[in-house]
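Reviewing the structure listed below.
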Amino acid sequence: MGIQDILEKQVKEAVKVLYGVDVPSVEFQPTRKDFEGDITLVIFPMLRYIKGNPVEIGDTIGTFLVDKVSEVSHFNVVKGFLNLIIHDTYYLNFFKDILGDTDYGHAQATDSGAIMVEYSSPNTNKPLHLGHIRNNLLGYSVSEILKAAGHKVYKTQIINDRGIHICKSMVAWQRFGEGETPQSSGMKGDHLVGKYYVAFDRVHKQQIAEMVAAGTDREKAGKETPILCEAQEMLRKWEAGDAATVALWKQMNGWVYDGFNETYKNLGVDFDSLYYESDTYLLGKDVVADGLEKGVFFKKADGSVWIDLTDEGLDEKIVLRADGTAVYMTQDIGTAIQRVKDHPDISGMVYTVGNEQDYHFKVLFLILKKLGYSWAEKLYHLSYGMVDLPSGKMKSREGTVVDADDLMVEMTRTAQGISEELGKLDGYSETEREELYRIIGLGALKYYILKVDPKKRIMFNPEESVDFQGNTGPFIQYTYARIQSILRKAGEMGDDKGLTGRGDLGLGAKEKELVKKVMVYPGTIRLAAENYSPALVANYVYDLVKEFNSFYQQVSILGEPNTESRRFRVVLSRKVGEIIKSAMALLGIMMPERM
RNA sequence: GGCCGCGUGGCGCAACUGAAUAGCGCAUCUGAUUACGGCUCAGAAGGUUGCAGGUUUGAAUCCUGCCGCGGUCACCA
């Protein structure tokens, strides 16, 4: 039971005994640095139930608490704030309790059902770019946070592997590829296919120009170029199951998947299961038929099926075309239901998709609710803002995208440059160094993106790239590495064995602040999970690290003459290091032993 | 135009979802360290939280109206 729970109970008791009323809730906050105290009871909300002067009420309750609650040492009242000072022994006991808990901060697994998290979900005709990186990092991190909060998680993605856009790459490769493969060209598969997608676009534009010059209307030309007709013909063949077309499609998609997998591996993300649009694009039609019968949907004169959401302040939305074919929404309805069929323990789903689809998901969730699925209440659109460049939006056609693979390499090289200046890597082999540069470079990138609230837009400047000082990944990694350095030395001194006594010594101011930060780690994870927000974890680690650096600067750890005191500081440092590593792992960021 | 999101020192971000004098980093200025890793620490300066009202004992936070930026209003995905 945390100190706040204890106090909440006691404050309610105090109010009942002293004033004869029940207060439904009690509000606490950490005491601000400018005042003495550990935790503060805010009196103001109680004035609703207790008439009187807040200062007097604070005094009365404070006296009661000191008397009744052994953890409370003394108090002071400032305006409507009752600042409570907690005994050092409470913190020391708490710290001893959690010291051996290697899983500290993680909640016990609950059986409240699994959550499926969808993220990444790329097209198979273009390599991944910076926008996907934000998506992947968010999806992966939220998955890890949900796990840490005690949920079972399935990570998945839907791969957009069919449609006219895929056929464009196929046509271009057939026409101009001359049998080029990733092996023959030495190109990553996704980049190779992307190259032909771009080639298609170029030829298409050229043909439009030719047709316009020959007198065709521009708009008409855009829809009827020979190469586009060829792609459309290929799509028809694909849908008809033409063997040669399907074989080519499989081959080229295979290249892309190999390329994607390499990127995912480098980025450090993974998936438990995959859904392919080629398998799911026909799903959902029967559900629509079903919903039509139930009266959730209605049919228009031309035979198309719609849902009327005007009562909800939204519009009418189509769910099935007049010719009976599925639209995007149809598929998403079907896919959601399919996922629950595949994983019957699912109780909720998270969709990591950019905020340009806010409306789509609002409608999707509403439809699933109206169809009566119990899990529809627990669907969440993890919506995030675009990543912009100084030059504006990323546009693949204008070649202004930041390629994911290139960016990771750049970040690694930047980290190398900085590391080499510092030169703390004696005895590291070439491969060890390379791995370290990756850890630092990717750590910088990931932290930079994840520390920002998901719904905000991010401006990414590739030139200035990412800072390595201040509130950054490498700053945290550096602190971690320094702790490890202390622990190595402490090990030689035999001081990392654990606590001996310490009970009588009390806690130094910096030690106490540090323990208090350690204390709120589990609550931070819970909050981050509730809000689907890695940023909360990032901010927490940063706070913890700053507190540690302040402690580190203020007191001597290994130089402390008193054995018990020294050991306590070593063990405290070790625990802080463990938490840094654990929390950063929730962001998908690794910690180096040295750097 | 309708709907959705965002607007916080020069720049980049926080603020436990309504509480104390709005925090932090970068940049600027000043200082600390014979010590465990100086990618550290302490301090200074910098704000009418886009504007105007309203609710409240109390508003960056909630409500209304403007202004600005972005997104979205496809039988595309």
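What you see below is based on every heavy atom in this structure, not just the backbone, and it leaves out hydrogens, waters and symmetry mates. Letters A, B, ... are given to chains in the order of the sequence lines, protein chains preceding strands, and every chain is numbered from 1.
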Please report the distance, rounded to the nearest Å, between [atom1] in [X] and [atom2] in [N].
| X | N | atom1 | atom2 | answer |
| --- | --- | --- | --- | --- |
| A/Glu593 | B/rG37 | CD | C1' | 14 Å |
| A/Asp38 | B/rC16 | CG | P | 21 Å |
| A/Ile476 | B/rU40 | CD1 | P | 12 Å |
| A/Phe361 | B/rU72 | CZ | C1' | 14 Å |
| A/Asp543 | B/rG25 | CG | C1' | 12 Å |
| A/Ile483 | B/rC39 | CD1 | P | 16 Å |
| A/Tyr478 | B/rG37 | OH | P | 8 Å |

Tell me whether the rings of [X] and [Y] are parallel (<30°), tilted (30 to 60°) or perpendicular (>60°).
| X | Y | answer |
| --- | --- | --- |
| A/Tyr328 | A/His360 | parallel |
| A/Tyr380 | A/Tyr532 | parallel |
| A/His129 | A/His132 | tilted |

Under 4.0 angstrom, heavy atoms only, what part of the nucleic acid is [X] near: base, sugar-phosphate, or nothing?
| X | result |
| --- | --- |
| A/Ile557 | base |
| A/Met595 | base |
| A/Phe475 | sugar-phosphate |
| A/Val353 | nothing |

Face-to-face contact A/Tyr359 to B/rU72 six-ring, under 5.5 Å, under 30°:
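Per 5.5 Å and 30° rule: no stacking.
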Would you measure the distance from the [atom1] atom in [N] across to the matching atom in [M] and give it in whole Å?
| N | M | atom1 | value |
| --- | --- | --- | --- |
| B/rG71 | B/rA59 | C1' | 28 Å |
| B/rG65 | B/rG1 | P | 15 Å |
| B/rC66 | B/rG7 | C1' | 14 Å |
| B/rG2 | B/rG23 | C1' | 38 Å |
| B/rA22 | B/rG50 | P | 15 Å |
| B/rU48 | B/rG9 | P | 9 Å |

Quick one: which residue pairs count as a salt bridge (charged side-chain N to carboxylate O under 4.0 Å, His left out) with a foot in residues 442-461 of chain A, not counting sequence neighbours?
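Those involving residues 442-461 of chain A are A/Asp388-A/Arg457.
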Output every pair passing salt bridge (charged side-chain N to carboxylate O under 4.0 Å, His left out) with a member in residues 349-366 of chain A, not counting sequence neighbours, ordered by first then second residue.
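Sorted pair list comes back empty.
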Any salt bridge linking [X] with [Y]? Criterion: basic side-chain nitrogen under 4.0 Å from a carboxylate oxygen.
| X | Y | value |
| --- | --- | --- |
| A/Lys512 | A/Asp38 | yes |
| A/Glu564 | A/Arg567 | no |
| A/Arg32 | A/Asp34 | yes |
| A/Glu420 | A/Arg433 | no |

Any side-chain N or O of A/Ser550 less than 4.0 Å from the OP1 or OP2 oxygen of B/rC41?
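For B/rC41, OP1/OP2 do not have a side-chain N/O of A/Ser550 under 4.0 Å.
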Can a side chain N or O of A/Lys489 be found less than 4.0 Å away from OP1 or OP2 on B/rG37?
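Checking B/rG37 against A/Lys489, a side-chain N or O does come within under 4.0 Å of OP1 or OP2.
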Return whichever of A/Tyr552 or A/Tyr542 has its heavy-atom-nearest nucleotide of RNA chain B closer to the 5' end.
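Its nearest nucleotide lies further toward 5', so the answer is A/Tyr542.
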Between A/Arg488 and A/Leu314, which has a closest nucleotide on RNA chain B that is more 5'?
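Upstream on the strand: A/Leu314.
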Presence of donor-acceptor pair under 3.5 Å, side chain of A/Gln553 and base of B/rU40:
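Answer yes: a donor N or O sits under 3.5 Å from an acceptor.
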Classify every nucleotide of nucleotides 17-22 of chain B by which part a protein heavy atom approaches to under 4.0 Å, writing B for the base, S for the sugar-phosphate alone and - for neither, in 5'-to-3' order.
B-BBS-
Output every pair passing side chain to side chain donor-acceptor pair (under 3.5 Å) with a member in residues 539-550 of chain A, not counting sequence neighbours, ordered by first then second residue.
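Qualifying pairs: A/Thr479-A/Asn549, A/Arg482-A/Asn549, A/Lys510-A/Ser550.
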Every protein N/O lying under 3.5 Å from an N/O of nucleotides 12-15 of chain B:
unit_1: B/rA14; atom_1: OP1; unit_2: A/Asp453; atom_2: N; d: 2.5
unit_1: B/rA14; atom_1: OP2; unit_2: A/Lys456; atom_2: NZ; d: 2.9

Contacts of [X] that satisfy side-chain hydrogen bond (donor to acceptor under 3.5 Å, both in side chains) - sequence neighbours left out:
| X | value |
| --- | --- |
| A/Lys581 | none |
| A/Tyr552 | none |
| A/Gln157 | A/Tyr264 |

For the residue pair A/Tyr384 and A/Asn135, confirm or rule out a side-chain donor-acceptor distance under 3.5 Å.
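Side chains of A/Tyr384 and A/Asn135: pair found under 3.5 Å.
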Can you list, pair by pair, the side-chain donor-acceptor contacts under 3.5 Å of residues 523-531 of chain A, counting residues two or more places apart and other chains?
unit_1: A/Thr524; atom_1: OG1; unit_2: A/Val520; atom_2: O; d: 2.8
unit_1: A/Asn531; atom_1: ND2; unit_2: A/Leu527; atom_2: O; d: 2.9

Side chains of [X] and [Y] in contact at under 4.5 Å (non-hydrogen atoms):
| X | Y | answer |
| --- | --- | --- |
| A/Asn471 | A/Tyr447 | yes |
| A/Val363 | A/Leu309 | yes |
| A/Leu228 | A/Lys168 | yes |

Within 90° of 0 counts as syn, otherwise anti: where does B/rU48 fall?
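Anti, which is what one calls it when the glycosidic angle falls more than 90° from 0.
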Which dot-bracket string describes RNA chain B (Watson-Crick N1-N3 plus N6-O4 or O6-N4, or G-U N1-O2 and O6-N3, all under 3.5 Å; [ ] crossing; | other strand)?
(((((((..((((.....[...)))).(((((.......))))).....(((((..]....))))))))))))....
Contact list (N/O, under 3.5 angstrom) for nucleotides 75-77 of chain B vs protein:
unit_1: B/rC75; atom_1: O3'; unit_2: A/Arg321; atom_2: NE; d: 3.2
unit_1: B/rC75; atom_1: N4; unit_2: A/Asp302; atom_2: OD2; d: 2.2
unit_1: B/rC76; atom_1: OP2; unit_2: A/Arg321; atom_2: NE; d: 2.9
unit_1: B/rC76; atom_1: OP2; unit_2: A/Arg321; atom_2: NH2; d: 2.3
unit_1: B/rA77; atom_1: OP1; unit_2: A/Arg321; atom_2: NH2; d: 3.4
unit_1: B/rA77; atom_1: OP2; unit_2: A/Tyr328; atom_2: N; d: 3.2
unit_1: B/rA77; atom_1: O3'; unit_2: A/Glu277; atom_2: OE1; d: 3.2
unit_1: B/rA77; atom_1: O3'; unit_2: A/Glu277; atom_2: OE2; d: 3.0
unit_1: B/rA77; atom_1: O2'; unit_2: A/Asn160; atom_2: ND2; d: 2.7

Report, one pair per line, the protein and nucleotides 49-51 of chain B atoms (nitrogen or oxygen only) whose separation is under 3.5 Å.
none

